[in-house]
Amino acid sequence: MQTVIFAKKNNVELKGDFYKSPRSDAAKTIIYFHGGGLIWGLRNDLPEAYRNLFLEAGYHFFAVDYRLAPETKLPDIYEDAQDAILWFEANARAEFGVSNVFVLFGRSAGAYLALQLAADATLPNADAVLSFYGYPSIRADWYQTPSAHYAKLPTIPADLKDALVVGQEELTEGFIEKRYALYIYCRQTGKWLDEVFGSADAAYLDAFCLEEMRDFSFLPPVFIAHSTTDQDVPYSEAEKLAKTTFENELYTVRDLEHDFDKKTDAGLPAYKQALAFLDQFNQE
C-alpha cells in the first residue's frame with residue numbers, strides 16, 4: 001500500500017491509499033469514497049475481503065479522503081472529491097505506474113459523491129460507477145424531515161451536538177465513536193442539509209443534485225446495490241437510478257440493514273456481482 005497526499009486545504013492534508021493489483025493485466029483503478037453521511041467515516045473503512053476481491057480480479061484500488069461536515073460544507077467537500085480525480089488523472093502513471101483509467105465506487109454518502117463526479121462534465125470520464133446504497137440528490141424529503149427510524153434511538157440534544165464540533169477545525173477522519181451522534185442528531189431533527197450545506201439559495205443547491213431527466217443520461221454504466229429494508233436511504237433511490245440510467249444493473253438485497261455489506265458473508269455476493277458487471281465492459 002502506498003499513501004499519497006493529493007491536496008492540502010487550510011492546512012488539512014487530503015490523503016489517498018493506493019493498493020496495486022498483483023495481476024500483470026490490471027488496467028483500471030477503482031477510486032473509493034467512504035460513507036458516513038458526509039459527517040463521519042474513514043477512507044480505509046472498506047473491509048479487506050472486498051478490497052482483495054477487487055485486487056485479485058485485476059483492479060487497482062485507491063481510497064481517498066474528503067473533509068467532513070459540519071466543519072466543512074458540501075461545496076468544499078465536493079471540491080476535495082474533484083481534486084482526487086484530477087490528481088489521479090495527472091499522476092497515476094508517475095506515482096503508481098498504472099494507467100489513469102478509473103471506476104468510481106462509493107458507499108452511501110460516498111456513492112452520492114461518486115454519482116455527482118461521474119456526471120460532472122469538467123472531470124475525466126469514469127468507466128463505470130459502483131453505487132452501494134447511494135442516492136443521486138440531496139433534495140429528497142427523507143433527508144430533510146425527521147427520521148422515524150432514528151427517532152427510536154436516544155435523543156441527541158442540540159447542546160451535545162454543538163459540543164461534538166470542537167473548535168471548528170476541519171478534519172478528514174471521523175471516527176464513529178466520536179461522530180455518529182452528530183449524524184443521529186441530523187436525522188432526528190431533519191437538519192442534515194443545514195449542517196452539511198449551510199444556508200444557500202435553491203439555485204446553488206441545484207448544482208449538487210442530479211435530476212433524472214436532466215443528468216442521468218450523462219452517467220456511465222452504474223451498478224446499484226441496495227436493500228429493500230434500508231432504514232437510512234430508501235430503496236426507492238435505487239429504483240430511481242435503475243429506471244432512468246441507460247446502462248445499469250440493480251442488485252437487490254432483501255430484508256437487511258442499510259450497510260448490509262458490514263458483514264462480509266452478506267456482502268460478498270454483491271461485490272462478486274459488481275465485478276461481473278464491470279467485466280462486461282472490459283470485454284466490449
Side-chain angles (χ1 to χ4, degrees), residues 6 14-19 28-47 50-51 53-54 59-69 74 77-88 102-120 123-138 140 143 172-174 183 196 208-210 215-216 218-227 230 232-234 237-238 240-242 245 248-251 253 258-262 267 270-271 273-275 277-278:
F6 65 83
L14 300 175
K15 297 178 181 179
D17 296 333
F18 182 80
Y19 301 82
K28 299 179 183 180
T29 296
I30 291 173
I31 302 180
Y32 172 68
F33 297 89
H34 67 79
L38 303 177
I39 288 172
W40 59 280
L42 304 165
R43 69 177 184 275
N44 63 355
D45 72 346
L46 191 72
Y50 302 142
R51 188 176 66 238
L53 199 66
F54 289 127
Y59 293 89
H60 312 297
F61 193 84
F62 190 41
V64 298
D65 281 337
Y66 53 85
R67 286 171 293 171
L68 300 173
L74 180 57
I77 292 172
Y78 183 67
E79 183 181 278
D80 294 348
Q82 289 177 308
D83 286 346
I85 302 303
L86 293 171
W87 184 94
F88 181 80
F102 64 91
V103 170
L104 293 169
F105 170 33
R107 299 195 295 167
S108 197
Y112 160 74
L113 290 175
L115 290 165
Q116 303 299 309
L117 294 163
D120 190 335
L123 294 174
N125 294 328
D127 264 27
V129 180
L130 307 180
S131 173
F132 275 59
Y133 37 94
Y135 46 94
S137 172
I138 55 175
Y143 240 159
T172 59
E173 295 184 332
Y183 184 68
V196 167
F208 300 93
C209 299
L210 300 186
D215 300 307
F216 282 19
F218 292 100
L219 290 171
V222 183
F223 179 84
I224 309 151
H226 216 116
S227 174
D230 191 326
D232 200 346
V233 178
E237 294 293 333
K240 186 190 307 179
L241 278 169
T245 50
N248 70 74
E249 179 178 341
L250 173 55
Y251 183 90
V253 177
H258 171 62
D259 51 345
F260 67 86
D261 57 343
K262 182 165 53 179
Y271 282 80
Q273 191 59 35
L275 281 169
F277 176 80
L278 293 178

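Counting only distance, with no hydrogens or angles, the side chain of Asp17 and the backbone of Ala63 share no donor-acceptor pair below 3.5 Å. Of the possible polar contacts, one joining the Trp40 side chain to the Gly36 backbone as a donor-acceptor pair under 3.5 Å is found. With His258 contributing its side chain and Ser108 its backbone, the two residues share no donor-acceptor pair below 3.5 Å.
Under the rule for a side chain to side chain contact (heavy atoms under 4.5 Å, CB included), Asn125 has no partner lying at least two apart in sequence or in another chain. Shown here are the salt bridge (Lys or Arg N to Asp or Glu O under 4.0 Å) partners of Asp232, two or more places apart in sequence or in another chain: Arg187. Scanning for salt bridge (Lys or Arg N to Asp or Glu O under 4.0 Å) contacts around Asp120 gives an empty result, with sequence neighbours left out. Residues satisfying the ring-ring contact (aromatic ring centres under 6.0 Å, His included) criterion with Phe6, sequence neighbours excluded, are absent altogether. Remark: Pro124 pairs with Ile85, Leu86, Glu89, Phe102 by the side chain to side chain contact (heavy atoms under 4.5 Å, CB included) rule, at least two apart or across chains. With sequence neighbours excluded, no residue satisfies salt bridge (Lys or Arg N to Asp or Glu O under 4.0 Å) with Arg51.
Between the CD atom in Glu249 and the CG atom in Leu130 there is a gap of 10.5 Å [rounded to 0.5 Å]. In this structure, CD1 on Ile138 lies 7.5 Å from CD on Gln116, to the nearest 0.5 angstrom. Atom CG of residue Asn248 and atom CG of residue Leu219 lie 10.0 Å apart, to the nearest 0.5 angstrom. Atoms CG and CD, on Asn44 and Glu173 in that order, are 7.5 Å from each other to the nearest 0.5 Å. The distance from the OH atom of Tyr59 to the CG atom of Leu275 is 6.5 Å, given to the nearest 0.5 Å. Interatomic distance, Phe62 CZ to Phe33 CZ, rounded to the nearest 0.5 Å: 9.0 Å.
Annotation: side chain of Phe208 is not in contact with side chain of Val196 (no heavy-atom distance under 4.5 Å). Taking 4.5 Å as the limit, every side-chain heavy atom of Val64 sits out of range of all side-chain heavy atoms of Leu14. Annotation: side chain of Tyr78 is not in contact with side chain of Leu38 (no heavy-atom distance under 4.5 Å).
Less than 6.0 angstrom separates the ring centroid of Tyr143 from the ring centroid of Tyr135.
Pairing each heavy atom of Tyr66 with each of His34, the nearest pair is OH-O, 2.7 Å. Closest approach of Leu115 and Ser131 over heavy atoms only: CD1-OG, 4.0 Å. The nearest pair of heavy atoms linking Gly174 to Leu42 is N-CD2, 3.9 Å. Across all non-hydrogen atoms, the minimal contact from Glu237 to Pro136 is OE1-CD, 3.1 Å. Between Pro220 and Ala118 the shortest heavy-atom distance is CD-CB, 3.7 Å. Nearest heavy atom pair, residue Phe216 against residue Lys240, reads CE2-O, 3.8 Å.
Between Asp259 and Arg107 there is no salt bridge, since no side-chain nitrogen of the basic residue lies less than 4.0 Å from a carboxylate oxygen of the acidic one. The existence of a salt bridge linking Lys15 and Asp65 is excluded, since no basic side-chain nitrogen approaches an acidic carboxylate oxygen closer than 4.0 Å.
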Evaluate Phe132 against Phe105 for ring-ring contact (aromatic ring centres under 6.0 Å, His included), listing each step before the verdict. CA-CA 8 Å; Phe132 275 59; Phe105 170 33; 5.5 Å; yes

Derivation and outcome, side chain to side chain contact (heavy atoms under 4.5 Å, CB included), residues Thr29 and Phe18: CA-CA 9 Å; Thr29 296; Phe18 182 80; 3.9 Å; yes

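Side-chain polar atoms of Asp261 and Tyr50 form no donor-acceptor pair below 3.5 angstrom.
The only member of Tyr19, Phe61, Phe54 that meets ring-ring contact (aromatic ring centres under 6.0 Å, His included) when paired with Tyr32 is Phe61.
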